[in-house]
Engineer: 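Dropping the structure in here first, questions after.
Because the structure is a prediction, the values reported are computed rather than measured.
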Amino acid sequence: MSDIIRLLPDSVANQIAAGEVIQRPASVIKELVENSIDAGADNITIVLKDAGRTLIQVIDNGSGMSDTDARLAFERHATSKIKSADDLFTLRTMGFRGEALASIAAIAQLDVRTMLHGASIGTRLVINGSKVESQNPEAAAPGTNIMVKNIFYNVPARRKFLKKDSVELSNILREFERLALVNINTDLTLIHNDTTIHALRRASFKQRIGDLFGKGVEKQLIPVDTDTSIVRISGFISLPESARKRNALQYLMVNGRNMLHPYFRKAILQCYDRLISPEEQPNFFINLQVDPETIDVNIHPTKNEIKFENEQAIWQILTAAVKDSLGRFNAAPAIDFDVEDAPEIPVFNPTDGISLKEELDPAYNPFTESDTGRHHTQSGGGSLRSSRINSRASTDWEKLYDDFSRKREEALDEVVGSRINDAIASPADESQIIIPSIDNLSAEEDDTLPATSTMQLKNSYILTPSRKGLMIIDQYRAHVRILYDRYMSMIDEKSFVAQQVMFPEVVQLSASQNVILETILPYLEKLGFTMSPLGDNSWSILSMPTIVSGKSGVDIITGIINVVEETGEDIASSFYRQVSLSMARSNAIHRGRTLTSAEMENLVSDLFKSTAPARTPEGKQVFSIIDIEDINSLF
């Protein structure tokens with residue numbers, strides 16, 4: 001039998017590696033910008049065409065490369081960051097594997113110009129799908145200028161799975177935001193299709209947050225700062241009242257590197273328990289500084305997953321730091337039980353220094369009827385005078401109790417009928433007490449369709465019997481389903497009517513949100529939204545559809561943008577579905593709201609008129625049924 005194992009060509013191996021390192025244009029930007037930072041650049045410009053599909057160009061003023069280094073940089077496992085395995089545990093640079101440039105060269109066409117500082121001439125390198133086509137001396141600015149053209153041109157399957165330009169640009173902007181947050185001492189410029197989206201200048205961490213996400217976000221932040229022998233924690237968290245229901249800004253960084261760490265994220269979220277509703281999440285921007293020897297970044301090709309040696313200790317320190325900040329800024333109640341050396345605080349006693357002019361009769365009861373007067377002794381030794389109490393507070397306690405009992409019985413009658421009360425009122429024996437069954441209470445023959453009797457649990461769930469058992473309905477999700485169907489029907493019938501708002505609202509967006517809004521603006525106008533640009537990613541809402549009158553235009557617009565961003569679908573084919581879903585979310589009855597019996601009955605009735613009552617438009621479960629067998633087993 002002949003040998004069947006062979007070495008893969010470098011071009012194939014590089015394409016395989018590229019599948020892990022380079023997933024979309026945003027991945028290219030991340031790798032190139034991090035290389036620029038490692039090269040000491042403090043001014044980086046990113047130029048894009050067609051959301052990176054046609055061109056990604058990164059220009060920096062870093063150290064630059066010699067002609068030999070420029071050629072070696074695009075070979076697999078060629079790096080200037082480490083020399084031995086021991087260096088992996090003392091990393092202070094963003095890159096170290098030597099895979100990124102080789103991976104990019106394998107799936108794109110590259111044109112590289114670079115020159116060392118102080119050199120008289122630079123070099124130009126042209127690479128096409130891992131193959132070096134030319135390398136020649138050429139005049140260049142100090143630093144490096146890399147143009148990545150036609151990403152995935154030689155991997156048609158990967159290029160086909162790239163999403164619409166608006167979605168890919170949104171991914172690029174989110175990656176740019178992460179890079180900008182960890183490199184606050186670097187000037188960063190982002191240009192897309194000859195339009196400057198960001199022009200950031202070096203600033204403090206809080207100013208950089210404001211430059212990226214708007215001054216409104218910056219004003220909602222409170223600082224977190226603590227220093228221990230294990231970790232130094234700094235950054236900002238948001239006040240509870242500025243928590244978001246979707247797309248919260250949550251960033252964790254360690255030693256100048258972005259990371260994904262669910263364990264530390266959970267530690268921060270737990271600090272907001274009882275301060276915000278379960279549906280909301282806070283914004284946070286937290287930096288951790290630790291000894292590089294206590295972390296391992298060599299876990300995943302993207303280098304976003306990081307292992308910590310002192311994970312449990314850092315979790316406790318992080319929790320304490322966040323809680324301390326919330327307490328110091330009155331975002332959370334704080335009680336100080338340390339009363340030692342505390343100053344004496346006088347307590348007011350209303351009887352101190354007051355001499356009563358009347359002697360009180362301890363036997364006096366204003367709720368008893370009496371024709372005899374109460375005698376009061378006048379101070380000063382004068383004569384006694386008798387007075388009849390003309391104003392008397394009388395209460396018929398028995399009548400009150402009867403009213404209470406009657407109302408309680410009426411409430412029971414509404415739920416299970418008067419048969420329970422009749423049986424309990426005069427039970428000759430236990431066999432005479434007949435409790436109506438779930439089947440008897442159900443008005444329909446369908447196995448799941450609920451009966452008319454309803455009650456609310458925790459102001460969040462509606463309980464109603466069905467033939468199979470007890471149905472529990474999530475009131476928020478049920479209303480989302482109802483409103484979504486209603487709005488989709490109105491869109492099909494083209495029955496939206498625009499109404500001008502009396503006081504225009506101003507919505508402030510991030511750069512990534514602004515890009516999406518500009519894309520969907522023609523569709524919004526067809527629905528009745530009229531918006532006017534104010535500059536600096538701000539818009540004025542001039543009119544809205546009448547079906548959302550009285551609602552916050554800012555919440556509706558940002559909700560629509562978030563839905564478009566979350567789904568990543570083709571806007572032209574799914575926009576109205578996304579708008580209907582967003583408006584349904586904004587206008588639905590949220591958990592925590594008390595509903596009347598009539599409101600609950602109407603909600604349940606409308607839900608089961610839907611063609612798909614069991615699921616929300618996103619596919620989330622609307623109701624659940626506890627089988628009667630499971631209920632019987634409890635007894």
Engineer: Which class fits the ring pair F308 and H261: parallel under 30°, tilted 30 to 60°, perpendicular over 60°?
Structural biologist: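 Ring orientation of F308 relative to H261: perpendicular.
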Engineer: Hey, are the side chains of M253 and M259 touching, using non-hydrogen atoms and a 4.5 Å cut-off?
Structural biologist: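 No; the side chains remain at least 4.5 Å from each other.
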Engineer: Please work out whether the ring planes of F236 and F205 are parallel, tilted or perpendicular, with thresholds of 30° and 60°.
Structural biologist: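 If you compare the ring of F236 with that of F205, the planes turn out tilted.
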Engineer: In a check of side chain to side chain donor-acceptor pair (under 3.5 Å) between D474 and each of R591, Q621, K620, which one passes?
Structural biologist: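 In the set R591, Q621, K620, the residue that makes a side chain to side chain donor-acceptor pair (under 3.5 Å) with D474 is R591.
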Engineer: Regarding R232 and D225, does a basic nitrogen lie under 4.0 Å from an acidic carboxylate oxygen?
Structural biologist: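 Looking at R232 and D225, the cut-off is met.
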Engineer: Evaluate side-chain contact (heavy atoms from CB on, under 4.5 Å) for K307 paired with T294, printing each intermediate quantity in order.
Structural biologist: CA-CA 8 Å; K307 293 288 186 181; T294 64; over 6 Å; no
Engineer: Do I191 and L48 have side-chain heavy atoms sitting under 4.5 Å apart?
Structural biologist: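 Not touching, per the 4.5 Å side-chain cut-off.
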Engineer: Please confirm whether Y461 and Y476 have ring centers closer than 6.0 angstrom.
Structural biologist: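 Ring-ring flag for Y461/Y476: false, centres at least 6.0 Å apart.
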Engineer: Got a salt bridge between R585 and E618, using NZ or NE/NH1/NH2 to carboxylate O under 4.0 Å?
Structural biologist: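 Salt bridge flag = yes for E618 with R585.
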Engineer: Report the C-alpha distance between T189 and I44 in whole Å, list the side-chain angles of each, state the deciding distance to 0.1 Å, and finish with yes or no for side-chain contact (heavy atoms from CB on, under 4.5 Å).
Structural biologist: CA-CA 6 Å; T189 303; I44 302 172; over 6 Å; no
Engineer: Start with the C-alpha distance between D165 and R53, add both sets of side-chain angles, then the distance that settles side-chain contact (heavy atoms from CB on, under 4.5 Å), and finish with yes or no.
Structural biologist: CA-CA 8 Å; D165 284 359; R53 191 187 305 265; 3.1 Å; yes
Engineer: Go through the side-chain N and O atoms of S204 and Q207 and say whether any donor and acceptor fall under 3.5 Å apart.
Structural biologist: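 Short answer, yes.
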Engineer: Run the side-chain contact (heavy atoms from CB on, under 4.5 Å) check on S234 and V224 step by step: do they pass?
Structural biologist: CA-CA 5 Å; S234 61; V224 175; over 6 Å; no
Engineer: If you measure from the Lys or Arg side-chain nitrogens to the Asp or Glu carboxylate oxygens, is any gap between R178 and E175 under 4.0 Å?
Structural biologist: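 Here R178 pairs with E175 in a salt bridge, since their nearest N and O are under 4.0 Å apart.
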Engineer: Any side-chain donor paired with an acceptor under 3.5 Å for D42 and T186?
Structural biologist: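 No, no side-chain donor-acceptor pair sits under 3.5 Å.
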Engineer: Taking 4.0 angstrom as the limit, do K30 and E34 come out as a salt bridge?
Structural biologist: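 The answer is yes: the pair qualifies as a salt bridge.
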Engineer: Are any of the side-chain heavy atoms of I46 and Q57 separated by less than 4.5 Å?
Structural biologist: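 Not in contact.
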Engineer: Using side chain to side chain donor-acceptor pair (under 3.5 Å), reason through N43 and D60 one step at a time and then give a plain yes or no.
Structural biologist: CA-CA 6 Å; N43 192 319; D60 68 57; over 6 Å; no
Engineer: Would you say the side-chain atoms of Q475 and Q456 include a donor-acceptor pair closer than 3.5 Å?
Structural biologist: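 Looking only at side-chain atoms, Q456 and Q475 do form a donor-acceptor pair, the distance falling under 3.5 Å.
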Engineer: Passes side chain to side chain donor-acceptor pair (under 3.5 Å), Q281 versus R265? Steps please.
Structural biologist: CA-CA 11 Å; Q281 291 192 355; R265 176 179 176 271; 2.9 Å; yes
Engineer: Could you go step by step and tell me if Q513 and N537 meet the side chain to side chain donor-acceptor pair (under 3.5 Å) rule?
Structural biologist: CA-CA 8 Å; Q513 291 176 319; N537 299 331; over 6 Å; no
